Asker: 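Below are the structure tokens for one structure; questions will follow.
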There are 2 protein chains.
Amino acid sequence: MNSRTPSFDDLDRKITTALMANARTSFAEIGAAIGLSATAVKRRVDRLRETGVITGFTATVRPSALGWRTEAYVEVYCEGAAPPRRLAEVVRNHPEITAAMTVTGGADALLHVRARDVEHFEEVLERIRTEPFIRKTISVMVLSHLLPDSPEAGATQAAPE
Amino acid sequence: MNSRTPSFDDLDRKITTALMANARTSFAEIGAAIGLSATAVKRRVDRLRETGVITGFTATVRPSALGWRTEAYVEVYCEGAAPPRRLAEVVRNHPEITAAMTVTGGADALLHVRARDVEHFEEVLERIRTEPFIRKTISVMVLSHLLPDSPEAGATQAAPE
DNA sequence: AGTGAAACTGAGTGCGG
DNA sequence: CCGCACTCAGTTTCACT
């Protein structure tokens, strides 16, 4: 589930890069760029989806346009041992949590939170704090972004072996 | 640039949500779901793109499938005042930095970094550390994700007013 | 702003190399 | 695994309400 997909060649890499840049690029156009027919490109894309390299196609949205103007990272400290399974349940209770992961360092988990404004963020934070085994939280508010909104969930290029 | 787009109604919200879930949903299908013709849906999508609500369509990729198996957040501390402009330049020098922002708290900036493995991450870190006015870094390695790969860059729903 | 119809472009598939 | 040819579905534009 975590290993490098076998037989992922240079053409697959170029196709993937093209679709990350614009998911609506036609197979014919991609094919023209890399010297393949639209059919061949389609078949490769199908295979990339089957093997889980490409997990989906989404529209990227400017969060502020939807009313999400406040963003923060929240370090979470738990009472005693924090089983990741229980943590995952807790996390799913709060739709404002857009990413959550276990991490090294003092904290048990790191959450990415979006809220409408600071008032809303405070409310979310209090809600999280009342969860059973959460002992402490440390929040870091995001002030401004130094890169254009990158697809945080994925690197923009394929890494060489 | 940061304000709520005017005349963003309920239909726009539903269309946006549908395209975030699957950027390839046809206009006809979206229209059928919300009681609009494909033509009307297309015009609204065009407008959503022009007004910057929707910034693009991308394929979501499982980073490990592309060889990015290591992920970390790096807090950056600068010498004296750290002008965001200069920081942005620095950040652009390192393709492994997939997100960067200025933040509240002790650190001046927070970076999201992807690397092939721990060795590669160490190399990236040393490269970042040699940048002119970077005084100190604190790294937090990501161990496991508690949510399915959410589109970190955007909330999955529109926020109510 | 919305609809419906016409023209066009791309997706999906079967077949042959 | 690739390309070609065909069919069908979706996009795009236009005239109209």
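Only a predicted model underlies this, so the values are computations on that prediction, with no experimental measurement involved.
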Asker: For Lys136(B), is there an ion pair with Glu75(B) - N to carboxylate O distance below 4.0 angstrom?
Answerer: no

Asker: Out of curiosity, Thr17(B) OG1 to Lys14(B) NZ, how far, rounded to the nearest 0.5 Å?
Answerer: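 One finds 9.5 Å between OG1 of Thr17(B) and NZ of Lys14(B).
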
Asker: Rounding to a whole Å, what distance do you find between Leu11(A):CG and dC2(D):C1'?
Answerer: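 Rounded to the whole Å, the gap is 11 Å.
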
Asker: Would you grab the first and last nucleotide of DNA chain C (5' to 3') that comes under 4.0 Å of any non-hydrogen atom in chain A?
Answerer: dG10(C) to dT13(C)

Asker: Name all residues meeting the side-chain hydrogen bond (donor to acceptor under 3.5 Å, both in side chains) criterion together with Asp12(B); count only those two or more places apart in sequence or in a different chain, and write none if there are none.
Answerer: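 Listed in chain order: Arg44(B), Arg47(B).
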
Asker: If an axis is fit to five pairs at each end of the helix from dA1(C)-dT17(D) to dG17(C)-dC1(D), what is the angle between the two, to the nearest 10°?
Answerer: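 That helix gives 30° between its end axes.
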
Asker: One thing to verify: whether Arg49(A) and Asp46(A) come together as a salt bridge, which I'm taking to mean a side-chain N less than 4.0 angstrom from a carboxylate O.
Answerer: no

Asker: Measure from NZ or CZ of Arg135(B) to the centre of the six-membered ring of Tyr77(B) and say whether it is under 6.0 Å with the direction within 45° of the ring axis.
Answerer: no

Asker: Name every donor-acceptor pair, under 3.5 Å, that has one atom in a side chain of residues 139-148 of chain A and the other anywhere in the protein, sequence neighbours excluded.
Answerer:
unit_1	atom_1	unit_2	atom_2	d
Ser144(A)	OG	Thr102(B)	OG1	2.8
His145(A)	NE2	Glu71(A)	OE1	2.8

Asker: Taking the side chain as every heavy atom from C-beta outward, state whether Leu110(A) and Tyr73(B) have any pair of such atoms under 4.5 Å apart.
Answerer: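 Result yes, sub-4.5 Å side-chain heavy-atom pair found.
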
Asker: Scan the side chains in residues 79-86 of chain B for donor-acceptor partners under 3.5 Å anywhere in the protein, sequence neighbours excluded, and list what turns up.
Answerer:
none

Asker: Going 5' to 3' along nucleotides 5-17 of chain D, which nucleotides have protein heavy atoms under 4.0 Å from the base (write B), which only from the sugar-phosphate (write S), and which from neither (write -)?
Answerer: B----SSSBB---

Asker: For dC1(D), does OP1 or OP2 lie under 4.0 Å from any side-chain N or O of Arg47(A)?
Answerer: no

Asker: Side-chain heavy atoms nearer than 4.5 Å, only ILVMFWY residues, links allowed to pass through others: does that put Ile134(A) and Leu125(A) together?
Answerer: yes

Asker: Are any of the side-chain heavy atoms of Val41(B) and Ile15(B) separated by less than 4.5 Å?
Answerer: yes

